[in-house]
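Reviewing the structure listed below.
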Amino acid sequence: MAAVFLVTLYEYSPVFYISVISLCFVVTAAMVLGWFGFDVPVILRSSDEAESVLPVPEKRMVQVTNPFALEMEMGSDLASVTEGVSLRPCCLEPCVLSCFWGCGVHALQGALQAHQHGRRLSTPQQFQEALHFQYLHCQSFHIGTEDREERHTAVPADLGITDFGLLPRERYPLVAVLTLAEPETRDSYNIVASVTVVHVPDDKYSLSARILFQYLLTSQGNMYELKPLFMSAEGGASSGSPDPNQTTDAPEPQNSEPSDAEEGPGIEEEEDDWCEGKGKDCVVCQNASVNRVLLPCRHACVCDSCVSRFQYCPICRAFVLESFALSQGPPIEEEEEEEEEEEEEQE
C-alpha cells in the first residue's frame with residue numbers, strides 16, 4: 001500500500017515526492033538523535049520543551065516603607081455585628097484608626113477614585129467628606145508608636161443594627177482606615193493611608209470574620225492592593241498583615257476600582273500545608289532559600305536559580321507569567337564565583 005502511494009506520488013510530481021521524502025528523513029533523524037541524547041534544533045522540539053527554556057519575565061517592583069499594619073483574628077467566633085470586633089493596629093508613627101460601620105460600597109469606591117483623581121485622602125476628616133458621610137457609625141482610636149494593643153470597636157446598641165441586609169449588599173460591615181496623626185510625618189512616608197475592608201458576621205450572613213480587601217494610598221494619588229503570598233507553613237508565621245518594620249514591594253499603581261462583591265484574599269482557600277507566611281527552602285532544589293514569588297498564583301516556593309528552569313508553578317501547575325524577588329541579594333553568578341573561591345582556598 002505504501003509503495004503504491006509513493007509510486008503514485010512520484011508520477012504526480014517528482015519534486016514534491018523528493019520534498020516529502022527529505023522531510024520524513026529529517027524528522028526521523030531528529031527523533032533518533034534526541035532519543036540518544038543529542039541536542040536538536042528548537043524548531044524540532046515539542047512546544048512544552050521549547051517553552052521550558054524561555055526565562056520567566058521579572059516584574060518590576062518599587063520598594064517602599066509601609067508605616068501601617070492591621071491584624072485581626074481570622075475566623076473568630078466572638079466577632080459579630082452586635083458584639084463588635086477586635087483589631088490590632090501596629091504603626092511606625094502615631095496614627096488614627098477610624099472604623100466606619102455600614103460603609104456604603106459605592107461611597108467607598110467613589111472615595112478611592114477621588115483619591116486617584118486629585119483629592120488626596122490622608123486624614124480622617126478627608127475620608128468622612130469623601131464618603132459623603134454614607135456610613136452608619138464611626139469610631140476613632142489614637143494609636144501610639146509601636147502600640148500593639150487590641151482595639152475593640154462595635155456598633156452602639158441604641159442604633160438597633162443587627163445585620164446589613166441580604167446579598168448582594170450595598171454596605172460593607174466594617175471599613176478600618178489608618179492615617180498618620182501628625183502632619184509633619186505625612187511628608188516622610190510615601191504611603192499616607194491604609195484602607196481595610198472587614199467582613200463581620202451578622203444575622204443574615206454568618207460567614208466568619210475576615211479581611212476582604214486591603215489598600216494602600218500614596219501621597220502621589222496611587223492605590224495599591226495588598227494580596228497575600230502563599231508560602232510553606234514550615235516558616236511558622238501566618239500573619240494576614242505586613243510587618244511595618246519591613247519594606248513592601250509594590251507593583252505598578254492600581255487604577256481599577258474594587259469589586260462590589262464581598263470577596264478577596266481572605267476568602268481564597270489553598271492547600272492545608274500552604275499559608276501566608278515566610279517559607280524556608282526551595283521546593284525544587286531543597287538547597288537554597290525561597291526568594292521568588294510566581295505570578296499570578298502568588299506561590300513563593302522557589303529560589304533565584306530554579307525560577308528560570310520552568311514556566312509552570314511546582315505547587316499548583318499554573319502557568320507563570322512573571323515573578324519578583326522577595327529580597328534583593330547578590331547575583332547568582334557572583335554567589336557561584338564566591339563559592340568557587342572558597343573551595344579553592346580550602347584546597
Side-chain angles (χ1 to χ4, degrees), residues 64-72 79 81 84-117 119-145 147-155 164 171-183 185-186 189-200 209-226 240-242 244 248 250 254 257-258 262 264-266:
V64 295
T65 301
N66 180 15
F68 307 110
L70 185 67
E71 300 177 357
M72 67 171 295
V81 172
V85 63
S86 295
L87 304 175
R88 182 183 294 107
C90 181
C91 306
L92 298 180
E93 302 288 347
C95 62
V96 178
L97 172 62
S98 302
C99 299
F100 298 96
W101 284 91
C103 179
V105 173
H106 296 290
L108 179 61
Q109 292 178 1
L112 296 178
Q113 289 181 356
H115 175 81
Q116 294 175 317
H117 292 88
R119 184 178 182 179
R120 303 294 181 259
L121 304 180
S122 58
T123 65
Q125 293 75 19
Q126 292 173 348
F127 270 96
Q128 291 177 355
E129 295 174 0
L131 292 172
H132 302 288
F133 300 93
Q134 294 186 20
Y135 51 85
L136 302 179
H137 176 66
C138 179
Q139 188 176 7
S140 299
F141 303 91
H142 289 274
I143 312 300
T145 304
D147 184 358
R148 294 180 177 270
E149 293 184 3
E150 286 189 348
R151 299 311 197 269
H152 186 80
T153 177
V155 181
F164 294 99
R171 296 180 181 273
Y172 288 123
L174 176 62
V175 175
V177 178
L178 280 169
T179 53
L180 295 171
E182 300 175 356
T185 59
R186 297 175 192 142
Y189 293 93
N190 184 36
I191 299 176
V192 295
S194 170
V195 180
T196 304
V197 180
V198 182
H199 169 74
V200 183
R210 62 191 64 197
I211 293 176
L212 300 180
F213 310 103
Q214 281 188 300
Y215 302 100
L216 296 179
L217 307 184
T218 68
S219 57
Q220 288 80 22
N222 297 327
M223 181 178 72
Y224 302 99
E225 181 179 2
L226 290 180
S241 300
T248 301
Q254 180 92 1
E257 55 186 58
E262 290 190 357

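When reading the values below, keep in mind they use all heavy atoms of this one structure, side chains included, and skip hydrogens, waters and symmetry mates. Throughout, residue positions are numbered sequentially from 1 according to the sequence presented.
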**Request:** Identify the heavy atoms of Met72 and Ala209 that sit nearest to each other, and give their distance.
**Result:** CE-CB, 3.7 Å
**Message:** Among residues at least two apart in sequence or on other chains, which ones pass salt bridge (Lys or Arg N to Asp or Glu O under 4.0 Å) with Arg88?
**Reply:** Glu71, Glu150
**Prompt:** For Arg186, what residues pass the salt bridge (Lys or Arg N to Asp or Glu O under 4.0 Å) criterion, not counting sequence neighbours?
**Reply:** none
**Request:** Sequence neighbours left out, what passes side-chain hydrogen bond (donor to acceptor under 3.5 Å, both in side chains) with Glu149? Give chain and number order.
**Result:** none
**Pair listing, side chain to side chain donor-acceptor pair (under 3.5 Å) test, anchored in residues 92-101, at least two apart** = Glu93-Tyr189, Trp101-Thr153
**Asked** Please, which pairs that meet salt bridge (Lys or Arg N to Asp or Glu O under 4.0 Å) have at least one residue in residues 107-116, sequence neighbours excluded?
**Response** none
**Asked** Any idea which heavy atoms bring Arg171 and Gly102 closest together, and the distance?
**Response** NH1-O, 2.6 Å
**Fill in**
When every non-hydrogen atom of Ala193 is compared with those of Phe68, the smallest separation belongs to N-CE1, 3.6 Å
**Request:** First locate atom OH of Tyr172, then atom OG1 of Thr196, and finally report the distance between them rounded to the nearest 0.5 Å.
**Result:** 12.5 Å
**Val85 and Pro173, any side-chain heavy atoms less than 4.5 Å apart** = no
**Complete:** Rounded to the nearest 0.5 angstrom, the CZ-CG distance for Phe127 and Leu217 is 5.0 Å
**Request:** Report yes if the side chains of Thr65 and Leu92 come closer than 4.5 Å at any heavy-atom pair, otherwise no.
**Result:** yes
**Item:** NE2 on His137 to SG on Cys103, rounded to 0.5 Å
**Value:** 13.5 Å
**Request:** Taking side chain to side chain contact (heavy atoms under 4.5 Å, CB included) as the test, write out the residues that go with Ala154, two or more places apart.
**Result:** His152
**Request:** Please report the closest heavy-atom contact between Leu178 and Pro89, naming both atoms and the distance.
**Result:** CD2-CB, 4.2 Å
**Asked** Would a distance-only check, ignoring hydrogens and angles, find a side-chain to backbone donor-acceptor pair under 3.5 Å from His132 to Ala111?
**Response** no
**Prompt:** Quick one: are Phe213 and Val195 in side-chain contact, heavy atoms under 4.5 Å?
**Reply:** no
**Message:** Does anything in residues 121-133 form a salt bridge (Lys or Arg N to Asp or Glu O under 4.0 Å)? List the pairs, not counting sequence neighbours.
**Reply:** Arg119-Glu129
**Message:** I'd like to check Val192 versus Arg120 (side-chain heavy atoms, cut-off strictly below 4.5 Å). Are they in contact?
**Reply:** no
**Message:** I want to check something: taking the side chain as every heavy atom from C-beta on, are Leu97 and Cys99 in contact at a cut-off of under 4.5 Å?
**Reply:** yes
**Request:** Return the set of residues passing side chain to side chain contact (heavy atoms under 4.5 Å, CB included) with Gln128 (not counting sequence neighbours), or none when no residue passes.
**Result:** Phe100, Phe133, Tyr135, Cys138
**Prompt:** Does the side chain of Leu136 reach to within under 4.5 Å of the side chain of Val155, using non-hydrogen atoms?
**Reply:** no
**Asked** How long is the gap from CG on Asn222 to CG on Asn190, to the nearest 0.5 Å?
**Response** 7.5 Å
**Asked** Can you find a heavy atom in the side chain of Val177 that is under 4.5 Å from one in the side chain of Leu121?
**Response** no
**Interatomic spacing from CE in Met223 to CG in Leu112 - rounded to 0.5 Å** = 5.5 Å
**Asked** Does any non-hydrogen side-chain atom of Thr123 lie less than 4.5 Å from one of Thr179?
**Response** no
